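Because the structure is predicted, anything quoted here is derived from the model rather than measured. What's counted below: heavy atoms across the whole structure, side chains too, no hydrogens, waters or symmetry copies.
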Amino acid sequence: MKLRPEEIVRLNSILAPVKNDKRAQKMRDFIQHGKITTFEHAESVTSLSYWINKRFHLGGDEKVIVIGAFLHDYYLYDWHVTDDGHGLHGFSHSNTAKENAIKHFGIGNRTQHVIESHMWPLTFTKLPRSREAWIVCLADKWISTKETLLCR
C-alpha cells in the first residue's frame, strides 16, 4: 500500500487541523498494540482507509473516511489498565471515542457512525451502514492484526 505524492498532499490537507490539535496529540501517550501508540495506529488506519477508497474506486467521502479513521480510537485512556471504570474496552471504547470526537471536533453524523461502528462484528448491534464505515472497519481489522502479530 503506497499513496501517491498528490494523495499524501490531499490526505494531509484534510487531516492537518485534527492531527495537529494538542488534544489529538495525546493519543501519542497511549499504547495500542505491541509498541504502537494509538496515534501511530490511527495514522496507519487512516492511510490504509484512504488507499482502499482510492485504489478500488469506491467513491467514499474522503473527509468522512479520513477524519473518522483518524479519530476511531480517540478514547484517550490506557486500555491496559482494567480498573479505571472504562468497562470492557473492546465493547465500549468506540462510544467513548465518538463522544470525545463530537466534543473536541464537532464531527457530523456520518463521521460519528464511522467511529461507533468500527468494532463490528464485536459490537454486533453497530453494523457499518455506509461505504465509509465499511472501509474504516476493514482497514482497522487489517492494521490491528498486523500490529498485534508483527509489532511486539
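The hydrophobic cluster containing Phe56 also contains Val64, counting ILVMFWY residues as joined when their side-chain heavy atoms lie under 4.5 angstrom apart, directly or transitively. Note on Ile65 and Leu138: separate hydrophobic clusters, where clusters join Ile, Leu, Val, Met, Phe, Trp and Tyr whose side-chain heavy atoms are under 4.5 Å apart, directly or indirectly. Under the 4.5 Å side-chain heavy-atom criterion for Ile, Leu, Val, Met, Phe, Trp and Tyr, Leu71 and Leu15 are members of the same hydrophobic cluster. Hydrophobic clustering, with ILVMFWY side chains joined whenever heavy atoms are under 4.5 angstrom apart, keeps Val136 apart from Trp120. Hydrophobic clustering places Leu58 together with Val114 (ILVMFWY residues linked when any side-chain heavy atoms are closer than 4.5 Å, directly or through intermediates).
Taking OG of Ser94 as the start and CG of Asp73 as the end, the distance is 9.0 Å to the nearest 0.5 Å. Within the model, atoms CD1 of Ile135 and OG of Ser49 stand 7.0 Å from one another, a figure rounded to the nearest 0.5 Å. Separating the CD1 atom in Ile143 from the OG1 atom in Thr148 is a distance of 11.0 Å, to the nearest 0.5 Å. Taking CZ of Arg110 as the reference point, atom CD1 of Ile115 lies at 13.5 Å (rounded to 0.5 Å).
Lys63 and Asp61 are not joined by a salt bridge, as no carboxylate oxygen comes within less than 4.0 angstrom of a charged side-chain nitrogen. In this structure, Glu6 does not pair ionically with Lys54, as no charged nitrogen and carboxylate oxygen lie closer than 4.0 Å. Ion pair Glu7/Arg10 not flagged as a salt bridge, since none of the NZ, NE, NH1 or NH2 atoms sits closer than 4.0 Å to an Asp/Glu carboxylate oxygen. Salt-bridge formation is detected for the pair Lys19/Glu43: a Lys NZ or Arg NE/NH1/NH2 atom is positioned less than 4.0 Å from an Asp or Glu carboxylate oxygen.
Contact record, Ala42 with Thr46: O-OG1, 2.7 Å, taken as the closest heavy-atom pair. Between Ala133 and Ser117, the shortest heavy-atom distance links the atoms CB-OG, 3.5 Å.
At a threshold of 4.5 Å between non-hydrogen side-chain atoms, the residues Glu132 and Cys137 do not count as touching. Under the 4.5 Å side-chain criterion, counting only non-hydrogen atoms from C-beta, Trp142 is in contact with Leu48. Residues His41 and His72 form a side-chain contact, since some pair of their non-hydrogen atoms from C-beta on lies under 4.5 Å apart. Side-chain contact between Gln32 and Thr37 is absent, with no heavy atoms from C-beta onward closer than 4.5 Å. A 4.5 Å side-chain heavy-atom check between Ser130 and His113 finds at least one atom pair inside the cut-off. Within the 4.5 Å cutoff, the side chain of Asn100 has no heavy atoms near those of the Phe105 side chain. Annotation: side chain of Leu11 is in contact with side chain of Leu3 (closest heavy-atom distance under 4.5 Å).
Tyr50 meets the side chain to side chain donor-acceptor pair (under 3.5 Å) test with no other residue; sequence neighbours excluded.
No more than 12 heavy atoms of other residues, nucleotides or ligands shown are found within 6.0 angstrom of CZ on Arg129. Counting non-hydrogen atoms of neighbouring residues, nucleotides and ligands closer than 6.0 angstrom, the NZ atom of Lys26 reaches no more than 12 such neighbours. Within a 6.0 Å sphere centred on CH2 of Trp51, other residues, nucleotides and ligands contribute more than 12 heavy atoms.
Side chain of Asn53 to main chain of Gly60: a donor-acceptor pair is present (N/O by atom type, distance under 3.5 Å, no hydrogens or angles). In this structure a side-chain-to-backbone donor-acceptor pair under 3.5 Å is missing from Thr111 to Ile107. A donor-acceptor pair is defined here as one N or O able to donate and one able to accept, closer than 3.5 Å; such a pair exists between the side chain of Arg23 and the backbone of His104.
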Stepwise side chain to side chain contact (heavy atoms under 4.5 Å, CB included) check, Ile67 with Val18: CA-CA 8 Å; Ile67 301 301; Val18 173; 3.8 Å; yes
CA sep, side-chain torsions, deciding dist, call: Glu116, Lys98, salt bridge (Lys or Arg N to Asp or Glu O under 4.0 Å): CA-CA 6 Å; Glu116 73 183 356; Lys98 180 185 80 169; 3.0 Å; yes
Step-by-step salt bridge (Lys or Arg N to Asp or Glu O under 4.0 Å) determination, Lys35 to Glu147: CA-CA 8 Å; Lys35 299 179 208 168; Glu147 290 171 352; over 6 Å; no
Residue pair His118, His93: steps toward the side chain to side chain donor-acceptor pair (under 3.5 Å) verdict: CA-CA 10 Å; His118 84 272; His93 80 275; 3.1 Å; yes
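Using a 4.5 Å cut-off between side-chain heavy atoms of Ile, Leu, Val, Met, Phe, Trp and Tyr, Val9 forms no hydrophobic cluster with any other residue.
The aromatic ring centres of Phe39 and Phe70 sit less than 6.0 Å apart.
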